[in-house]
Enquirer: 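Please find one structure pasted underneath; my questions will follow.
Numbering of ligands and ligand atoms starts at 1, following listing order. FYI, side chains are in, hydrogens and waters are out, and symmetry mates aren't considered; it's all heavy atoms of this structure. Positions are given from 1 along the sequence.
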Amino acid sequence: MSDPSRHQHWRLIDVLQEAVAYLESRHIEHARLNAERLLAHILGVSRMDLYLQFEKPLKTEEREAYKHLLRRRAGREPLQTILGETEFMSLPFNVTENVLIPRPETEILVENAIEITKTRFGNKSSIHILDIGTGSGCIAVSLARYLKNARILAVDQHPAALNLARKNAELNAVNDQIEFIRMNIIESSGMPGKIRFDLIVSNPPYIRTPDLPTLPPEIRDHEPVDALDGGPDGLRYYRSFQSILPDWLNESGAVLLEIGADQAKDVQNIFSQSPWTSIRLLQDLAGLDRVIILSK
Ligand code: GLN
């Protein structure tokens, strides 16, 4: 990666420049941001701190550790799983390769869920929420954090995801508001008793199976296929939702589901039957349909 004779002192600024050039040469987008975040991680400082230490020489161990992380990133491992953490709704979340990395688009679902809950149930002493396929727990944890009267049931079919989601609930000090249980929604086995919810949220897998090989390597090779694969037409989870959610939702409740940018029509069709009297779509910042809201 470098010619040692050029760097007698291995100043931070030189090591960083070289790292940026290396990631660029490997066609990694946002090479500078990636190089800075990884170096800050190795040194245990914030990105801003790097700018105050440009002249500082790096130790051999630090350089070796940095090189190792840069190679992983060049091999298309996502930055977030290398760092082991990310941010969602301005909150910290641990991430591993066992879960979908929280996406900024999903914040639209959470922001609107918060607003709807406040408008419809603002003065209820406890609001019952179900998060289906909780993964990292990013939706459940941020709803708990921003809605103090929320009581949330978060389900996932994978124990590894549930363990991580539990850790994220602890990290954000909302573990007393969330119960995590293992459940496979397609079989819909495991739902305890006849609970009804005020709000049901989910960011289900919605990629069409034949499209999986065309995804960027960061996603295709490093995120769990079960978190992505929505079946042959990408719609299998919405179909299950149509058969089970009507029974799980309170009369005045709402369902918010994330959808693929080109799926609005098909998903609307699936939910065109009773009991839904209102169906609304929300767009993301790029103007693409991203969330569907259903009410009875
Ligand atoms: N609920 C999690 C998220 O929105 C995981 C979703 C999934 O695995 N499809 O990030």
Side-chain angles (χ1 to χ4, degrees), residues 78-81 84-114 129-147 150 152-169 171-172 174 177-186 197 199-209 211-212 215-216 218-231 234-241 245 255-261 263 267 282 284 290-293:
L79 179 64
Q80 296 93 325
T81 42
E85 62 191 15
T86 191
E87 217 178 70
F88 181 81
M89 292 295 294
S90 308
L91 301 170
F93 285 87
N94 290 326
V95 285
T96 66
E97 292 207 357
N98 293 321
V99 297
L100 191 84
I101 297 168
R103 308 287 206 267
E105 301 91 271
T106 306
E107 295 186 344
I108 297 169
L109 184 154
V110 174
E111 282 160 7
N112 281 276
I114 293 170
I129 301 178
L130 172 65
D131 175 24
I132 301 171
T134 199
S136 65
C138 65
I139 298 177
V141 168
S142 38
L143 288 177
R145 186 80 209 186
Y146 294 111
L147 295 167
I152 303 176
L153 181 63
V155 305
D156 201 285
Q157 58 174 323
H158 293 291
L162 289 169
N163 286 338
L164 183 71
R166 269 191 206 102
K167 278 195 195 131
N168 282 324
L171 179 66
N172 288 284
V174 290
Q177 283 171 267
I178 311 178
E179 188 185 345
F180 293 95
I181 62 169
R182 186 173 179 187
M183 181 173 152
N184 181 338
I185 202 78
I186 295 284
F197 299 92
L199 191 77
I200 299 177
V201 289
S202 183
N203 174 20
Y206 52 69
I207 312 279
R208 294 174 190 86
T209 311
D211 291 345
L212 290 170
L215 294 171
E218 280 88 347
I219 302 175
R220 188 188 62 213
D221 303 334
H222 296 279
E223 293 195 89
V225 67
D226 279 353
L228 302 166
D229 185 359
L235 302 169
R236 89 193 258 218
Y237 285 88
Y238 306 103
R239 287 198 194 91
S240 310
F241 291 159
L245 297 194
V255 177
L256 285 91
L257 308 172
E258 187 165 317
I259 61 171
Q263 291 173 330
V267 175
L282 300 174
D284 62 19
R290 191 52 71 185
V291 174
I292 188 160
I293 306 180

Enquirer: Please check if any side-chain donor atom of N98 sits under 3.5 Å from a side-chain acceptor atom of H158, or the reverse.
Expert: no
Enquirer: To which of I139, I101, N203, T134 does the heavy atom nearest atom 2 (C) of ligand 1 belong?
Expert: T134
Enquirer: Should you measure from each heavy atom of T106, which atoms of ligand 1 turn up under 4.0 Å away?
Expert: 4 (O)
Enquirer: I'd like to check whether A227 has a polar contact with ligand 1, where a contact means an N/O of the residue lying under 3.5 Å from an N/O of the ligand.
Expert: yes
Enquirer: Output yes when R103 and E223 qualify as a salt bridge under the 4.0 Å nitrogen-oxygen rule, no when they do not.
Expert: yes
Enquirer: Just checking, any donor-acceptor pair under 3.5 angstrom between side chains of T134 and D156?
Expert: no
Enquirer: Let's go through Y238 and S202 carefully: what are the C-alpha distance in whole Å and the side-chain angles of both, what is the deciding distance for side chain to side chain contact (heavy atoms under 4.5 Å, CB included) to 0.1 Å, and is it a yes or a no?
Expert: CA-CA 10 Å; Y238 306 103; S202 183; over 6 Å; no
Enquirer: So if I count the atoms of ligand 1 from 1 in the order they appear, which ones are less than 4.0 Å from some heavy atom of L100?
Expert: 6 (C), 7 (C), 8 (O), 10 (O)
Enquirer: Which atom names give the shortest non-hydrogen contact between V110 and S142, and what distance separates them?
Expert: CG1-OG, 3.8 Å
Enquirer: Among G135, G133, C138, P205, which one puts a heavy atom closest to atom 3 (C) of ligand 1?
Expert: C138
